[in-house]
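Data first, discussion second: the structure below is written as structure tokens.
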There are 2 protein chains.
Amino acid sequence: MGNENRVFGKYLISKGLKLTKPRKIILDTVFATHKHFNVDELYDLIRKKHKDVSRATIYRTIPLLVDSGLIKQSLRCLAKDHYEHTYGHDRHLHLICEKCGKIIEVESRETENILNELAKKHNFNIREFNVGAKGICKKCRNK
Amino acid sequence: MGNENRVFGKYLISKGLKLTKPRKIILDTVFATHKHFNVDELYDLIRKKHKDVSRATIYRTIPLLVDSGLIKQSLRCLAKDHYEHTYGHDRHLHLICEKCGKIIEVESRETENILNELAKKHNFNIREFNVGAKGICKKCRNK
DNA sequence: ATAGTCTTTGAGACTCATTCTCAATTATTA
DNA sequence: TAATAATTGAGAATGAGTCTCAAAGACTAT
Ligand SMILES: [Mn+2]
Ligand SMILES: [Mn+2]
Ligand SMILES: [Zn+2]
Ligand SMILES: [Zn+2]
């Protein structure tokens, strides 16, 4: 899969920006896995291969990835923003265990349909859903 | 309405804590309105009447109010946590306008039912729902 | 009342994720 | 190659939230 590259490239051009080496490295690393990530985790991953990408550039590139529709800020955990892919992934909701931090991802079509209807009633245009719940997972309950 | 007092009082006793003057002022101010609030807004409200409640005590009291079930952290906006009443308020979801910051509150029973079912399938115990969407409100779209 | 024992408080120092600044570097165009 | 604009890394700055600590308050037992 290499379509993220094209999407991001087009986005950058449309904004008069350039697909530089650091931005490419960040993009590739972000899409090398399919897990949720925060800036520190991403920084550590990148640093394994490339000693020349700074935190500042990561912080600057993430909003570009978000704005281009490739990722979204999906959670806040331990005072850190966490991100996940939107490009190439079905939308889903999160069940977050408050004991162990486990995240269960679940299809969300039904809730989205309902939200869409509610939004229509209020003349509201939804751009992004945010659905989930916090609680206790099976493993943590049984002990 | 003064039942928040009783609820909070019972909670504090059950934890071996005391309903002190600053805690009482914070409680009363929190329940003097029904809007979402952040710490700075709450601090300013309190300071109009009482010059002797510190930010530290507000930050220390909010987790107690949350834990006692009176309020919850419901939004994060402009890098600040925002809270709202849970006690005496029906659960609802938020449609947040990304242009003007307007928050539309909507009944949420249907989405909760669906979430409950999904949670059951995954053996997950929901403690708190978090449902909403971001987008553009009617007023902001028409201009 | 008084002393002893906790809890709580305000003030301000501190932490740490995120943002900003700026001089040096890079990409692109002329 | 020179000019121009975008981008970068390093580290300083910001600011919400947390922590420390000595002083103040609440409560209990004398
Ligand atoms: Mn996810
Ligand atoms: Mn609300
Ligand atoms: Zn768990
Ligand atoms: Zn609006």
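To find a chain, count down the sequence lines: A is the first, B the second, and so on, and within it residues start at 1.
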Donor + acceptor pair across side chains of B/Tyr43, B/Arg47 (<3.5 Å): yes
Side chains of A/Thr111 and A/Ser108: donor-acceptor distance under 3.5 Å anywhere? no
Protein-nucleotide distance (A/Leu12, atom CG; D/dA5, atom C1'), rounded to Å: 15 Å
Are a donor atom and an acceptor atom from the side chains of B/Glu105 and B/His36 found within less than 3.5 Å of each other? yes
How would you label the contact of A/Asp81 with the nucleic acid (heavy atoms, under 4.0 Å): base, sugar-phosphate, or nothing? sugar-phosphate
Nearest-angstrom distance from the residue atom CG of B/Leu19 to P of D/dG25: 17 Å
Taking atom C1' of D/dT8 as reference, at what distance in whole Å does atom NZ of A/Lys24 sit? 18 Å
Please find the earliest and latest nucleotides of DNA chain C, in the 5' to 3' direction, that have an atom within less than 4.0 Å of any heavy atom of chain A. C/dA17 to C/dT28
Is it true that, when you exclude B/Arg141 itself, more than 12 heavy atoms of the residues, nucleotides or ligands shown sit nearer than 6.0 Å to its CZ? yes
On a heavy-atom basis, the closest approach of B/Tyr87 and B/Phe31 is O-CE2, 4.0 Å
Do the side-chain N and O atoms of B/Asn38 and B/Tyr83 include a donor-acceptor pair separated by under 3.5 angstrom? no
Determine, for A/Arg55 against A/Asp40, whether the closest basic-nitrogen to carboxylate-oxygen distance falls under 4.0 angstrom. yes
Nearest whole Å is fine: how far is D/dA16 C1' from B/Leu42 CG? 15 Å
Using a distance-only test with no angle check, is there a side-chain donor-acceptor pair under 3.5 angstrom linking A/Lys24 and A/Asn5? yes
Just how far, in rounded Å, is P of D/dT8 from OH of A/Tyr43? 15 Å
Tell me which residues in residues 44-62 of chain B lie within less than 4.0 Å of DNA chain D, going by non-hydrogen atoms. B/Ala56, B/Tyr59, B/Arg60
